[in-house]
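The first residue of the sequence shown is numbered 1, and numbering continues consecutively from there.
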Amino acid sequence: ASCFVWWGIANNMTDPLVKAFTDIFKGLSNFQSSLIQFAFYGAYFGLAIPGSIIARKFGYKCGVLVGLGLYILGCFLFYPASLIQQFIPFLIAFYVLAGGLSILETNANPYVLALGPEETATQRLNLAQSFNPVGSVIGTILCQILILAKLEELKEQSAAATTAEQLRLLQSQQLAIVITPYLIVGGILVVIWILIARTKMPYVLESDKN
């Protein structure tokens, strides 16, 4: 059920970053920054079917682990993207992250239904899904406190920066602020991935529902 929290966090940390990247990458248009949302939700659309194929061939637990693994990889890709200091690598990181969320969601929902008696399946799913709004609130708070508020503090420095070296240093500081919550989430998810991988769970294929 904690997986429902984690994709709620990611969903609500992403949208506010559209404006943040416009401030960080000077000359970036609103359309270009909106590509963050395109990459994010495009991955949701593109990888839902592969997520279902994984569930059919290898089982829901494998699908959950693959989804979490891509989520983790996407979080950690923010670090090399910040070193490159280019916008495109961030789009790639968002795409990988959201692709993991798509596969995770495709597998976690039906797996919750399968983990127990059929007559209580709906109650289990409702309970698990109740954690999603919790993640949404946490994601909004994390973005506001750990990213947007700190970026706001650097605005005075942004106005004072004139040389190319000062602008590069400022951009590095801004990107460090943006990536930190994702690196923290990625580190926590590594532990969760290991716990799920080592826990004995029923082996259920998607076709088993038929």
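- For the atom pair CD1 (I9) and CH2 (W6), the distance works out to 4.5 Å, reported to the nearest 0.5 Å.
- A donor-acceptor contact closer than 3.5 angstrom links the side chains of T22 and S33.
- When atom types are taken as modelled, the side chain of T120 and the backbone of Q123 share no donor-acceptor pair closer than 3.5 angstrom.
- Aromatic ring centres of F40 and Y95 lie farther apart than the 6.0 Å criterion allows.
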Could you go through the side chain to side chain contact (heavy atoms under 4.5 Å, CB included) check for F87 and I24 one step at a time? CA-CA 10 Å; F87 183 58; I24 293 172; over 6 Å; no

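- Here the side chain of S102 pairs no donor or acceptor atom with the backbone of A98 at under 3.5 angstrom.
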Trace of the side chain to side chain contact (heavy atoms under 4.5 Å, CB included) decision for I103 with L70: CA-CA 9 Å; I103 295 174; L70 284 177; 3.7 Å; yes

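- Side chain of W193 to backbone of L65: a donor-acceptor contact under 3.5 angstrom is found.
- Counting only heavy atoms from C-beta outward, the side chains of L183 and C75 never approach each other to under 4.5 Å.
- Of the possible polar contacts, one joining the N107 side chain to the G51 backbone as a donor-acceptor pair under 3.5 Å is found.
- No donor-acceptor contact under 3.5 angstrom links the side chains of R168 and S172, judged on distance only.
- Distance check, rounded to the nearest 0.5 Å: OG of S52 to CG of L47 gives 12.5 Å.
- At a threshold of 4.5 Å between side-chain heavy atoms, the hydrophobic network of Ile, Leu, Val, Met, Phe, Trp and Tyr places F25 and I84 in two separate groups.
- Between N11 and S136, the closest side-chain pair of non-hydrogen atoms is not below 4.5 Å.
- Using a 4.5 Å heavy-atom threshold, the side chains of F90 and L175 count as touching.
- Aromatic ring centres of Y182 and F76 lie farther apart than the 6.0 Å criterion allows.
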